[in-house]
Enquirer: 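Take this structure, written in C-alpha cells, and hold onto it; I'll ask about it next.
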Amino acid sequence: QVQLLESGGGLVQAGGSLRVSCAASGGTFSNYAMGWFRQAPGKEREFVSVINWSSSITRYADSVKGRFTISRNNAENTVFLQMNSLKPEDTAVYYCAADTAPFRWRDSAYRRTDFGAWGQGTQVTVSS
C-alpha cells in the first residue's frame, strides 16, 4: 500500500505562487496515475489535476487551468503541483492521491473514488 506525504503549503498573497509536493513510499509509484484534490472549509473535496504514470497526459479542473501545472519525478517518487496566479478562492487543504489501479487512465472525469491512497493534506491559504 503506497503512503503519501504532502508538503509545501503555506500562506501567500493573491497573485503569488506556491509549489506543493507529495512524496510516495511503499509502492510502485511509477505505475500509477497521481492526482491532486482540494477541500475548502464547508465544501466537498474537489478534483484539481491528474497526471498519468509517464507524464504524457495531464488534466486540470477548469478553475485552475492555465494557472496550475502538475508534474512528477518517478526517480524520486514525487508528484508536484505548481500553482501560479493564486486567488483567495484557491484557499483549501490540498491532498495528493494515487489511482487504485496501475497503468489506468480514465477518459471520463476523475472522482475521489478513483483514488485509493491519500495523503494527510497540506494547507494553502491565499490572502486578498
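What you are looking at is a predicted structure, and each value in this text was computed from that prediction instead of being measured.
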Enquirer: Just one of Tyr32, Phe103, Trp105 clears the ring-ring contact (aromatic ring centres under 6.0 Å, His included) bar with Trp53, so which one?
Expert: Phe103
Enquirer: Report yes if some heavy atom in the side chain of Val12 is under 4.5 Å from a heavy atom in the side chain of Met83; otherwise report no.
Expert: no
Enquirer: Looking at side-chain heavy atoms only, is the closest gap between Leu5 and Gln3 below 4.5 Å?
Expert: no
Enquirer: Could you check, using the six-membered ring where one of them is a Trp, whether Trp36 and Phe80 have ring centers closer than 6.0 angstrom?
Expert: no
Enquirer: To the nearest 0.5 angstrom, please state how far the OG atom of Ser49 sits from the CD1 atom of Ile70.
Expert: 3.5 Å
Enquirer: Please give me the minimum heavy-atom distance between Ala117 and Val2, naming the atom from each residue.
Expert: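 Scanning both residues completely, I find the closest heavy atoms to be CB-CG1, 3.4 Å.
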Enquirer: Ala14 and Ser128: which non-hydrogen atoms are nearest, and at how many Å?
Expert: CB-CA, 4.4 Å
Enquirer: Taking the six-membered ring of Tyr95 as reference, does the NZ or CZ atom of Arg45 fall below 6.0 Å from its centre and within a 45° cone about the axis?
Expert: yes
Enquirer: Does Lys43, at its NZ atom, have more than 12 non-hydrogen atoms belonging to other residues, nucleotides or ligands within less than 6.0 Å?
Expert: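 Open.
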Enquirer: Using the rule that Ile, Leu, Val, Met, Phe, Trp and Tyr join whenever any side-chain heavy atoms are under 4.5 Å apart, tell me whether Val64 and Val93 fall into a single cluster.
Expert: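 Looking at the clustering, Val93 is in a separate group from Val64.
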Enquirer: Using the side-chain contact (heavy atoms from CB on, under 4.5 Å) rule, take Val124 and Leu18 through it: C-alpha gap first, then chi angles, then the decisive distance, then the call.
Expert: CA-CA 9 Å; Val124 172; Leu18 204 61; 3.9 Å; yes
Enquirer: How far apart are the closest heavy atoms of Val79 and Ser71, and which atoms are they?
Expert: CG2-O, 3.1 Å
Enquirer: Write out all pairs satisfying salt bridge (charged side-chain N to carboxylate O under 4.0 Å, His left out) with one or both partners inside residues 84-102, taking only residues at least two apart or from two chains.
Expert: Arg38-Asp90, Arg67-Asp90, Asp99-Arg104
Enquirer: Starting from the C-alpha separation in whole Å, work towards a yes-or-no answer on side-chain contact (heavy atoms from CB on, under 4.5 Å) for Ile57 and Arg59.
Expert: CA-CA 7 Å; Ile57 312 173; Arg59 187 179 297 164; 5.9 Å; no
Enquirer: Hey, does the side chain of Thr122 reach the backbone of Gly9 with a donor-acceptor pair shorter than 3.5 angstrom?
Expert: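 Yes; at least one donor-acceptor contact below 3.5 Å.
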Enquirer: Please give me the minimum heavy-atom distance between Ala109 and Asp114, naming the atom from each residue.
Expert: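 So the two residues come closest at O-OD2, 4.0 Å.
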Enquirer: Return yes if some donor-acceptor pair links the side-chain N/O of Glu6 with the main-chain N/O of Gly121 below 3.5 Å, else return no.
Expert: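 Flag set: sc Glu6 to bb Gly121 pair under 3.5 Å.
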Enquirer: Can you sort out the partners of Asn31 under side chain to side chain donor-acceptor pair (under 3.5 Å), two or more places apart, ordered by chain and number?
Expert: none
Enquirer: Step through it carefully: locate the ring centre of Phe115, locate the ring centre of Phe37, and say whether they are under 6.0 Å apart.
Expert: yes
Enquirer: Looking at every heavy atom in both Tyr94 and Leu81, which two are closest together, and how far apart are they?
Expert: CD2-CD2, 4.1 Å
Enquirer: Going by heavy atoms in the side chains, are Thr58 and Val50 under 4.5 Å from each other?
Expert: no
Enquirer: Minimum heavy-atom separation for Leu4 and Ala24, please, with both atom names.
Expert: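 Nearest heavy atoms, Leu4 then Ala24: CD2-CB, 3.6 Å.
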Enquirer: Taking atom OG of Ser30 and atom CD of Glu76, what is their separation to the nearest 0.5 Å?
Expert: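 If we round to the nearest 0.5 Å, Ser30:OG and Glu76:CD are 13.5 Å apart.
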Enquirer: Take Val48 and Phe68 through the side-chain contact (heavy atoms from CB on, under 4.5 Å) test and state the conclusion after the steps.
Expert: CA-CA 9 Å; Val48 175; Phe68 290 12; 3.9 Å; yes
Enquirer: Does NZ or CZ of Arg72 fall inside the cone over Phe29's six-membered ring, less than 6.0 Å from its centre and within 45° of the axis?
Expert: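 Yes, Arg72 and Phe29 form such a contact.
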Enquirer: Say whether Val126 and Val20 are linked into one hydrophobic cluster, either directly or through other cluster members, by side-chain heavy-atom distances under 4.5 angstrom.
Expert: yes
Enquirer: Run the numbers on Phe47 and Arg111 for side-chain contact (heavy atoms from CB on, under 4.5 Å), then give the verdict.
Expert: CA-CA 7 Å; Phe47 168 79; Arg111 303 160 297 178; over 6 Å; no
Enquirer: Can you see whether Thr78 engages Asn73 through a side-chain donor-acceptor pair at a distance of less than 3.5 angstrom?
Expert: no
